[in-house]
Amino acid sequence: DNEYDPFGGSSPLTSIESRSTDFEPTSASGEEASPGPIPLPGVVVPSSIGTHGRQVTQVIPTTGSASSPGLAHRDPSIVMDAQEQEAARLVGSHLVRNVPSIINAALPRNPDKRETAARLSAIIAELLEELLNIPEAEAEAAIRRALDAIRELVPQETRDANANLSPLNAISGCFAEFEAWLDGTWTQLGGRQVSDIKLEARLYRLFPKFVMFIAHCINAYFYYNGTIRALTNERQCRIVVPFGKTDTKPTDSDNRGRVDIGLKLVKPKMPFVRPQTITNAAMFAIAEAKAYAIDHVLAFNQLFRYSRPLYERQPDRRFLWGLTVCGEDTYVCLFMPSKAYATSAMNVQTPEGCRALINFFVGWSLCEWDRCGYDPSMVLRSIVPRLRRNPIPMAGPSTSETASGSQQPVRHMQDKLTYYEIQVHNYDPESQEHTTRQYFANLPMVNADRLFSRHTRCFSGSFTDPSLRCGYDGRVIATSLLKTGWPESNMDIAADTRDECHMLRKITRILGSDADLNGRYPTLVCGGRARIDSGDGVMVDDSVQSILAEVDTEVTVHRVHKRLVIEPLGEPLNTVRSVRELIMVLYDVMSAYSAISGRCQILHRDISTNNIIVCRNANGSAHGTLIDFDFALDIEWERESPTRYARTGTLPFMSVNNLEQNENVRTQLDDWESLLSLVCYLGTFGINNEPEHKHTVDTNAHIYGWREGDLRVIADRKREDFDTGDGLLVHIIGLFNPHRDYDLLKNLAMVLHETLFCNPRYLNSRDMIGAKYKRSRPGNFAPIGNKVVFSTLPMVDPFRARVGAADIISADLLTVLREYADEASNPV
């Protein structure tokens with residue numbers, strides 16, 4: 001249930017919503033300006049003399065040098081794999097460069113804390129400067145002076161007089177290991193130039209030691225502050241430390257990518273030890289390293305590629321931070337749901353570059369928890385519950401004998417209950433009041449796994465405290481679904497009529513009295529925009545604008561963090577037990593959709609396998625429910641305030657109009673077309689994962705062209721496949737699962753196609769037939785001589801021609817589906 005980002009994962013079922021601005025590459029003016037003439041390859045070039053007292057150098061590799069085997073990856077003729085290509089595309093289209101003001105998003109909001117952060121950064125930067133310019137024998141005295149200055153930062157009333165332990169040896173030891181990186185000698189070893197591969201490997205050690213140097217200094221501040229040292233977790237204060245292992249695959253990763261350097265937030269303590277094993281679940285940020293400054297684009301490509309899993313493994317992550325280390329140049333990157341913003345190069349061989357980088361690490365340590373990218377209204381808890389629900393006997397690996405000698409399963413009780421406690425902010429549009437309720441959720445059912453998307457996550461749970469009563473299996477007893485995400489929204493909450501809460505309230509208000517539709521659409525229990533403390537006790541909307549309020553950049557897409565609790569709670573569509581049950585579920589969904597689109601004037605715009613759930617009744621029967629109105633369109637509102645149609649939907653189910661993002665008026669027919677695509681997709685690949693339903697087809701089959709590649713190319717493929725019934729039969733339906741149960745689904749697909757694209761009512765209207773553009777022939781057209789000059793005829797789009805008949809065709813489609821549902825419910 002996320003927007004189009006093929007790089008985001010292997011699943012073909014990918015959602016998409018993007019404005020044209022989201023896909024435009026960065027303009028030339030957005031590129032970093034060249035500092036001067038390009039140096040010759042293989043030359044160490046002095047670029048400036050800083051007050052470090054060392055010559056600043058810029059090392060340019062020798063292209064094609066036999067001693068530089070690492071240069072092969074820079075050859076553009078080398079074919080990159082799909083994920084590398086997509087990462088490169090995202091860097092080109094979604095990265096905004098040269099935004100140094102993102103440091104403001106990492107600094108504390110509190111003015112006193114911000115001043116402390118500035119003074120602490122200055123002390124650390126001045127200590128580095130002094131250590132670079134004094135004899136080694138004087139280093140200990142310089143460190144002691146810096147530690148005394150750090151102690152003086154702590155207010156007298158909170159200063160711990162008994163804090164006698166000193167990180168002096170740790171600080172001096174770290175400096176000795178990364179000094180060469182700052183003074184420009186790190187590229188030389190024994191007077192010889194180090195090879196590319198070894199240079200990058202040296203950065204794996206040098207940069208973490210630089211981070212540890214800063215961490216020890218910040219840790220000293222926390223240690224001297226008795227009040228802060230007594231705090232319990234990283235939410236209140238923290239330090240950034242590198243993992244012990246570098247250039248390694250995270251243990252919870254599902255791909256072969258190796259993270260160069262992982263950073264983690266840990267609670268201050270004296271002394272502290274670097275964590276060793278890298279996991280995506282524990283990582284605060286990733287740092288990707290390259291040997292040369294000219295390789296910063298490649299470093300960004302890797303950073304984009306390997307940062308994505310952090311969203312998937314961290315359900316409480318709102319946005320991400322990341323770094324690239326390219327020779328002596330470092331960049332900090334801020335990942336937001338629609339764009340990423342990067343600083344200018346911070347050269348650590350200059351005092352200004354060092355100080356700028358230190359500012360980030362100090363800011364991340366002293367800032368509020370939400371500034372690090374985490375959700376302060378979400379807390380993971382692990383407890384021993386007091387009371388468990390009396391369960392149904394559970395099958396298990398162990399058995400015990402009854403008095404009759406039969407084997408019965410032994411029920412295993414979980415010792416601990418792990419769950420999320422989440423604040424749900426409810427907005428009442430009538431009173432315009434905000435209230436807060438505590439929701440208790442199991443671990444996420446659906447997690448965000450894209451870098452740029454709505455970041456939709458779904459949890460099952462309830463408002464009942466599980467510490468008082470929980471399931472026998474150690475889970476929250478779920479009665480509802482919590483959905484959280486970052487959809488595009490109007491900044492004015494009163495004018496945000498594309499808000500899903502608005503849609504659900506309107507649907508319930510109009511259809512609530514229709515008993516036949518109960519449970520066929522979601523009802524809103526509570527929900528609204530997530531709120532966050534602005535720093536002065538005033539709660540504001542948690543939005544992209546509020547996060548970037550102090551960042552000097554233009555925000556083109558307004559996104560707001562929203563949470564909704566909805567009912568009913570169901571199962572995924574792939575839990576249907578037969579083709580017949582699938583058809584009945586689809587009829588339930590589309591009958592509700594017809595009422596929603598007709599009586600409520602709301603188009604769903606994302607009919608897909610992800611957005612249909614199966615609700616089981618006590619007798620085992622099932623009905624379908626249409627969910628997720630994030631992309632829904634209120635037609636009444638659009639008539640008053642028309643806007644350009646966004647590209648919405650889920651591959652491979654997107655309609656041709658949405659794929660092309662054309663100017664055709666959107667109607668119910670777009671959603672019916674998505675349903676036809678869904679029927680074709682499930683008919684080809686199977687309705688569930690049971691062996692008799694699994695089916696594979698040749699990778700050259702047309703249906704694969706519905707889910708991968710350029711969106712306009714996909715639209716052209718669909719126009720071709722949907723143009724005639726014979727074409728659909730040969731290219732798509734002919735490849736359905738050969739199991740006899742699928743015969744009914746084949747017939748349904750053919751009749752749906754005929755009703756939608758070749759409706760018998762309009763066979764005399766050539767413009768409304770098929771899916772391809774065609775030449776229109778007016779009734780009063782007169783041929784020249786005996787020949788028709790077709791080149792003079794205007795081109796007509798059948799999708800546009802059918803707009804006026806949308807209501808009639810939609811009613812015919814529902815009638816077809818009802819007839820097949822009746823047949824499915826009464827098998828011969």
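- For the ring-ring contact (aromatic ring centres under 6.0 Å, His included) test, no residue two or more places apart in sequence or in another chain qualifies with His558.
- Side-chain contact, Ser655 with Asp670: a donor N or O sits under 3.5 Å from an acceptor N or O.
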Going through the checks in order, is the side chain to side chain contact (heavy atoms under 4.5 Å, CB included) test met by Arg109 and Asp370?
CA-CA 11 Å; Arg109 292 190 188 91; Asp370 64 279; 2.5 Å; yes
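- The only member of Arg531, Arg529, His425, Arg318 that meets side chain to side chain donor-acceptor pair (under 3.5 Å) when paired with Asp542 is Arg318.
- The aromatic rings of Phe463 and Tyr439 sit perpendicular, their planes meeting at an angle over 60°, well past the 30° parallel limit.
- Sparse packing is recorded around CG of Asp552, with 12 or fewer heavy atoms of other residues, nucleotides or ligands lying under 6.0 Å away.
- Just one of Arg563, Arg457, Arg235 meets the salt bridge (charged side-chain N to carboxylate O under 4.0 Å, His left out) condition when paired with Asp375; it is Arg563.
- Between Phe360 and Trp364, the ring planes are tilted. Angles from 30° to 60° get that label.
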Does the pair Arg454 and Asp630 meet the rule for a salt bridge (Lys or Arg N to Asp or Glu O under 4.0 Å), with working shown?
CA-CA 9 Å; Arg454 291 179 294 165; Asp630 254 359; 2.8 Å; yes
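- Checked by atom type, the side-chain pair Asp797/Asn664 shows a donor-acceptor distance below 3.5 Å.
- Remark: of the listed residues Leu659, Ile607, Ile714, Leu659 is the sole one forming a side-chain contact (heavy atoms from CB on, under 4.5 Å) with Met654.
- For the pairing with His604, the ring-ring contact (aromatic ring centres under 6.0 Å, His included) check across Tyr593, Tyr521, Phe629, Phe653 returns one residue only, Phe629.
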